[in-house]
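See structure below.
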Amino acid sequence: MLAYYFQLAIHSLKRNKVLTALMVLAIAVGIGASMTTLTVLHVLSGNPIPEKSARLYRVQIDPRGSFGFRPGMEPPNQVSWIDGMNLLHAARADRQALMTGGLVAVQPAQSMLDAFFAPARYTSAGFFPMFDVPFRYGHPWNAADDQASARVVVLSHALNEKLFGGRNSVGRMLDVGGHALRVVGVLGDWRPNPLFYDLTRNSYNATEGIYVPLSTSQVLGFAHDGSTDCWGNGGGSKRMDPAAPCAWLQFWVQLDTPASAAAYRRFLVHYSQQQKALGRFQRPPNVRLRNVMQWLDYNQVVPANVRLQTWLAFGFLFVCLVNTVGLMLAKFMRRQGELSVRRAMGASRRTLFAQLLVESGVVGLAGGAGGLVIALLGLWLVRHRPAAYASLAHLDGAMLMITFLLAICASLLAGVLPAWRACSITPASMLKSQ
Amino acid sequence: MNIRPILSTLRKHRIPTALIVLEIALACAVLCNAIFMIGQRLEAIHQPNAIDEAGLSIVTVRGLNPKNAADDLPRNLAALRHLPGVKAVAAINVVPLSNDGWNTGFTTQSGVREFSDDSYVNVAEYLVTADADKALGLKLLRGRFFHSEEYAAGTLGKSFMPTGHAIVITQSFARRMWPDQDALGKVLYMGDKYSYTVVGVVADVLRPDRNGGGLASFSYSVFLPMAPVEAALNKYLVRSAPQDRARVLREAVSTLEKISPEAVVNGKTFSDIRNAYFADTRSMAWMLVLVCVVMVAVTAFGIVGLSSFWVGQRRRQIGIRRAVGATRADILHYFQTENFLISSFGVVLGMLLAYGANLYLMQHYEMARMPWTFFPVGAVTLWLIGQLSVLGPALRASHVPPVVATRSV
């Protein structure tokens, strides 16, 4: 039955090629544009650490002075050295890590490579197990290394390729910022996108080449790179003085159950009260515990341009759809004579309606295929844009399915009204007028 | 032409009419907003930047020991100055449009200790050594640039703000701080430790980045004099004739690499920096242009399709009108007037939609209010598109011979 309707639809579409082509093109362009932007949005708002994102929390507390206080204000995004260290040593969470970004000069041992700067992460040892960081060679450093400010370094996969040709470099020495550090581990290909744990630098496609214990980085005076938020009389000093009233570190915790999350929140409130009693904090306790996706959402990590484009594309798809409705109406109404004859010969209204819908479905299928080509072209264009996220824009299986689903739904939706109108004409009056 | 019969015909064809109206309205809303956004982006790209960009190159040196800065800087400056073709050289902390910001806040009152949203105005802080005005090609509007003793007095110590008390500010920033007064001789304060007297006003120089501010604050910049002793001044402004630029930049990089082999030296022309800064803005503008063009095309095709359908449906009616005396021009005008009416409905609805969309975008994305001039321009554009697309079908209609009236099918 459906196959027969299909044949009828193809036959009817072939009769007026220009109109059919216009409809297919309208749907294809609309679908192509919306799928391009939707794919970019989908890629950019993806979960960087899907298996743990609900159990990892970013800690925010408010250590600022009372000046400029307004109720309901958000606490700073980052924590100061003193608070970070206090929370780290309290060790109330299942896992925790205190970290910040940096930039270090790397002097390769081989003479054919020039010295270069690599983005670095200074962190406590909890970082690697907490974020499930895969290791290719060696292992992370441990809490004892943190304590001892050990001269150790972990390299990213890419940097190990560059410096050691991808070979096992564990145990080798590397000149970092003028100090010799021993390589203890090399990461596997680990590229969380967006770089959720530190959004103060490039959020997408950001690569960190070098991981150094936070304590070591401070002892050796490595440069901090990232945002710093100071209050009170802070901000006067150039170096990141541990005592300065400045927030420049990120503190993450892993809390495995909702109960432990609630307990940790209480602990943070208690900590803030305690610090206020000591005179360090001046504001009422103001703490936030956001998990990974909440954190990304709060920071509006998806660029505004991308969201704007998605709106634009769907507005555009809507125009294309209205256009298709008009064209289908024209097409179906022109066939009223034929439809009336078939009605007169016994076809039910439902049958005709189904046939017309199949016809619009075929248009949708063709439009979906065309839309896919346009979306691939659009994504190719996006990949050649200068934005940081450009290289991430690829169509995956799910989006491919959505493309066709959207196209067929759209065209069926566009077909309903014209088909209903065409079927609701009384055959007698139509036949008489001929 | 009498529009009553046209209106009553349209009333009989409610659905197709409503569809075209809706399509034109949507196109109008998207077009107005898209064109406005393109305009905003072009405005950002073409913000005046009163430095002589054509012959300017920037060389960044990183990885030197900060303790030796007082030796390194004068030596590097001298080495660059002696390169053939170099007209002026100076060191600076950050470069306009480089996306690497160094910002501070100033107020016109002394004794305001805490930063807050309203008491301080955020500006980009350019720390420069002698000759920076020549190297950048600044346009002095009032007052003077710095004296040599003012340069000599500028050091950072442990702070972000230099010692010394002279400052040169941009015209936009001067107007922001003292809207109706001459800025020369006025004092800017930063906390209770730092105060600077305005000695000169220069034409607007853009900031390294927008720093979250709007287009208005994009040219709030200040220049502070520095002695060549601070490691923070790790960028060298090298001016040459535009035709020598590529060679001078190459030689400048190799010269500095030779002087300090342990350093990471990186050279760029200012044009490269500008292009990189605006690359995303420019590509977004092109994408919006593409959307507009395709949108207009789709709308036009929709109108062509539906008008053709109407003409086909009304062949007999047209034949009868022709037979009872209507001229070809009458038929042509009939369809043109009909389209004009439909377009007008669409445009009115479209204006409301465009305004609503603009309000929404203002709330959720940093958009400004659309100026009212967009509405008449959008209306005329869509009327024109409507008339152009209906012309073909209408002409075909006007060529329907009167004899059609007498045929049965």
Side-chain angles (χ1 to χ4, degrees), chain A residues 18-19 22-23 25-26 29-30 33 65 67-68 103 105 107 114-117 177-178 230-233 235-239 241 303-305 307-309 311-313 315-316 318-320 322-327 329-331 333-334 337 378 381-382 384-388 417-418 421 433-434, chain B residues 15-16 19-20 22-23 26-27 29-30 33-34 37 62-63 65 113-117 156-161 191 193 232 257 261-264 276 279-284 287-288 291 294-295 297-299 301-306 308-310 312-313 357 360-361 364-367 408-409:
Chain A
V18 178
L19 204 60
L22 272 182
M23 286 193 287
L25 200 68
V29 170
F67 185 89
L103 201 61
Q107 186 82 54
D114 281 341
F116 59 92
F117 271 84
C230 296
W231 56 90
N233 281 329
S237 88
K238 234 178 342 178
R239 279 287 300 281
D241 181 2
N305 262 356
R307 282 179 291 148
L308 204 62
Q309 281 165 13
W311 274 108
L312 214 66
F316 183 60
F318 196 64
V319 171
C320 290
V322 171
N323 189 37
T324 312
V325 174
L327 294 177
L329 195 66
K331 188 165 174 53
M333 295 303 266
R334 199 177 283 179
L381 279 177
V382 170
H384 286 78
R385 284 182 54 171
L417 180 78
R421 287 283 294 174
S433 77
Q434 296 206 351
Chain B
I15 293 182
L19 282 175
I20 300 192
L22 191 61
E23 195 173 335
L26 283 170
V30 175
N33 279 290
M37 283 192 254
R62 291 190 298 185
N65 187 345
R113 290 191 58 186
E114 291 261 4
F115 283 88
S116 70
D117 301 327
L156 282 178
K158 286 188 104 184
S159 163
F160 281 113
M161 304 295 299
K193 271 203 266 176
E257 275 175 343
E262 76 279 21
V264 181
D280 196 34
T281 312
R282 193 171 292 127
S283 75
M284 179 74 184
M287 186 181 135
L288 288 168
V291 165
V294 181
M295 188 82 133
V298 166
T299 311
F301 279 130
I303 296 176
V304 171
L306 270 186
S308 311
F309 163 62
W310 262 339
Q313 217 182 21
Y360 177 84
L361 291 173
H364 295 268
Y365 305 91
E366 290 164 22
M367 269 275 274
S408 62
V409 175

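A note on names: the letters A, B, ... follow the listed sequences, proteins ahead of strands, and every chain is numbered from 1.
- Summarising the geometry of B/F301 relative to A/N323, their closest heavy-atom pair is C-OD1, 4.3 Å, with the distance given to 0.1 Å.
- Shown here are the side chain to side chain contact (heavy atoms under 4.5 Å, CB included) partners of B/A357, two or more places apart in sequence or in another chain: B/N33.
- If you tally non-hydrogen atom pairs under 4.5 Å between each of B/A279, B/A34, B/A263, B/A29 and chain A, the highest count goes to B/A279.
- The two residues A/V319 and B/A27 make their nearest non-hydrogen contact at CG2-N, 4.3 Å.
- Across A/L25, A/V29, A/L312, A/L19, the residue that shares the most heavy-atom pairs under 4.5 angstrom with chain B is A/L312.
- Top candidate by heavy-atom pairs under 4.5 Å with chain B, chosen from A/P418, A/G326, A/G30, is A/G326.
- Heavy-atom neighbours of A/F116 CZ from other residues, nucleotides or ligands within 6.0 Å: above the threshold of 12.
- By the side chain to side chain contact (heavy atoms under 4.5 Å, CB included) test, B/R62 pairs with A/L103, A/F117, B/T60, B/N234, sequence neighbours left out.
- In terms of heavy-atom pairs under 4.5 angstrom with chain B, the leader among A/L417, A/L329, A/L381 is A/L329.
- Interface remark: A/R421 contributes side-chain atoms only to the contact with chain B (heavy atom separation under 4.5 Å).
- Heavy-atom distances place no part of B/M161 under 4.5 Å from chain A, backbone and side chain included.
- Heavy-atom pairs under 4.5 Å with chain B were tallied for A/Q309, A/M23, A/Q107; the largest tally goes to A/Q309.
- Each of B/V30, B/V294, B/I20 has some count of heavy-atom pairs under 4.5 Å with chain A, and the biggest count is that of B/V294.
- Within the 4.5 angstrom heavy-atom criterion, atoms from both the backbone and the side chain of A/L308 approach chain B.
- The greatest number of non-hydrogen atom pairs below 4.5 Å with chain A, out of B/L22, B/I15, B/V304, B/I303, is found for B/I15.
- Of the listed residues (B/M287, B/R282, B/E23), the one with the most heavy-atom contacts under 4.5 Å to chain A is B/E23.
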